[in-house]
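These notes are about the structure you will find just below.
Computation of the quantities below employed the complete heavy-atom set of this structure, encompassing side-chain atoms and omitting hydrogens, waters and symmetry-equivalent molecules. Remember, predicted model here, so these are calculated numbers, not experimental data. Start at 1 and go down the list; that is how both ligands and their atoms are numbered.
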Amino acid sequence: MALPRTSLHGFLAHTKSALRNAIDTRQKITLVIGNESADLDSMSCSILYAYVRSMSPPKNAFTPLYVPIINIPASDIALRPEYLAVLKHANIDPGHLTTLDDLPALSDAHSKLVPENTSWILVDHNALQGHLGSIYSERVAGVIDHHDDEGKVPKETGNEPRIIRKSGSCTSLVTNYCRPTWDMLSESALSSGAAHAQGDGMADDDAVVKGWDADAAQLGLASILIDTANLNDTSKTTEHDREAVGYLEAKMMLCARLSASFDRTKFYNEIDAAKRDIGSMKLQDILGKDYKQWDQDGLRLGVSSVVKNMEFLQKKAGDEAETPSAGEALLGSMARFSKERALDVYTVMTTSKSSEGQFQRELLLWAFTDGGAAAAKAFAHKSAEELGLEDWHESGGVGDARPSDGQWRRVWWQRQVQHSRKRVAPLLRGAMAETGH
Ligand SMILES: [Mn+2]
């Protein structure tokens, strides 16, 4: 049975307890999960998809309820200040988010959340990675994503979508997919409210539904605006993004409480500032907060995206280690991060603005094993031109120190700044596939 129309707040509280109940009583359940970097995009598109879908599930759905899962432990939410900024606007209590902590421990997963009892919808990625992938990848039933297709989701997905196309934000694709259902839900909620309320009551019901819609619209808007720099980044923004923003903004404007005061640019600036506010975080947390990992042809790759430059990271490392040799402190910290994850290849991609306000990227590539080094060299050779790689020289920095024997490391400016991890990671994985075994 479809869930009655409710607020995001109520929906998330309900799904969290429904998952617990499904695990306790060995019931079937459908999960909607974003990628393990758990950025704003992954968070909002899993929630939006699950929210709209649960109130109007397709006929023959695996289960009528869709539970959105944030692909990190609950404690990692604190490492994402932008979450808190957005959740406040969407009237969501962070404690109501369902995270990896709500799933059974790996050792119990086969018995407590039996794969056959689950159906998984992937949003903002198209291959289930890591431990979850090793247990549940056969149970993936649908996907909406904007990364390169890894060919892991079946071609035929029946009731569920199989949409993989280029867009600035995956939330745009989810919004546009859910739009007809969402409109139908809002209209029927408004008309049924009108049917059994009179006078003032009718106006109140109307405002409540529009307020719920505006909460969800802000959740979606925040991600699309962050992923497209308020629709201004022409290398990322697509028609899907503009269409979704137009739709969500219109939903917001229907809400009397917000329509007068909402300013899209102000909203974007607020979320963007929250996202960059990582000064008080520990270096290991900064490296881990937007991190993705792949196993490819016997090699393991990890890629951290960081919203500050190498200079910031070096200073942070130097302060934490209380040493003037900031570059070495940073390398030590990165080596520890890589060792804990048994990486063959580790990459750190930074984004920042120059003193003249120019958007810039740096790329650090470090191989720890022979296989990793072969792949890293092949990548450097093959992708230097496409990515505009230019040696990075800042004295006393990570570019100076020589790597240990058997290791290989380079630090570059990446002058072709339009290429994010979405492009760099497939290039690295391609090199690993060529040189690995
Ligand atoms: Mn995304």
Side-chain angles (χ1 to χ4, degrees), residues 32-50 68-72 76-77 79-80 82-83 85-86 90 97 120-130 132-133 140 142-150 152-153 161-178 218-245 248 268 271-272 274-276 288-294 303-307 347 349 351 361 417-427 429:
V32 185
I33 189 161
N35 71 52
E36 81 268 35
S37 79
D39 63 359
L40 270 188
D41 191 26
S42 274
M43 186 262 282
S44 67
C45 58
S46 60
I47 292 176
L48 276 183
Y49 187 88
I69 309 273
I70 314 298
N71 203 342
I72 42 171
D76 281 9
I77 289 173
L79 305 179
R80 288 161 177 74
E82 66 276 20
Y83 265 43
V86 175
L97 295 178
W120 297 73
I121 311 295
L122 307 185
V123 287
D124 205 20
H125 56 155
N126 61 74
L128 199 53
Q129 303 287 337
L132 288 178
V140 172
V143 63
I144 299 184
D145 186 28
H146 62 152
H147 295 84
D148 284 357
D149 191 346
E150 297 182 40
K152 299 279 170 61
V153 181
R162 190 190 196 289
I163 296 173
I164 300 178
R165 56 179 71 126
K166 194 175 172 298
S167 62
S169 185
C170 186
T171 300
S172 303
L173 301 178
V174 168
T175 300
N176 296 337
Y177 178 80
C178 290
Q218 284 181 96
L219 180 73
L221 267 177
S223 298
I224 304 172
L225 299 178
I226 286 294
D227 280 345
T228 61
N230 195 18
L231 297 180
N232 288 325
D233 186 335
T234 52
S235 71
K236 291 190 180 146
T237 308
T238 66
E239 207 40 52
H240 306 299
D241 302 302
R242 279 186 284 269
E243 184 188 332
V245 166
L248 295 173
Y268 164 70
I271 310 297
D272 187 53
K275 189 181 169 198
R276 289 176 196 287
K289 85 183 273 291
D290 190 353
Y291 173 74
K292 285 191 186 176
Q293 186 173 298
W294 290 269
V303 186
S304 296
S305 293
V306 179
V307 294
T347 300
M349 300 183 67
T351 54
R361 287 184 183 276
V417 294
Q418 71 275 29
H419 296 306
S420 63
R421 181 168 58 194
K422 225 179 251 93
R423 179 65 188 139
V424 173
L427 287 171
R429 293 200 328 266

#### Entry: Nearest to the Mn ion (ligand 1) - the N/O/S atom of Asp124, by atom name
OD1

### Query
Considering only N, O or S atoms, which atom of Asp41 is nearest to the Mn ion (ligand 1)?
OD2

## Note on the structure
Which of Ile224, Thr175, Thr171, Asn176 passes side-chain contact (heavy atoms from CB on, under 4.5 Å) with His240? It is Asn176

### Summary
Nearest heavy-atom contact between Lys289 and Lys275 is NZ-O, 4.4 Å

### Task
With sequence neighbours left out, write down each residue that passes ring pair (Phe, Tyr, Trp, His ring centres under 6.0 Å) with Tyr291, or none if nothing qualifies.
Phe337

### Message
Taking the basic N atoms (NZ, or NE/NH1/NH2) and the acidic carboxylate oxygens, is any pair closer than 4.0 Å for Asp39 and Lys292?
### Response
no

### Query
Under 2.8 Å from the Mn ion (ligand 1), is there an N/O/S atom belonging to Cys170?
no

### Message
the Mn ion (ligand 1) and Asp227: any N/O/S contact shorter than 2.8 Å?
### Response
no

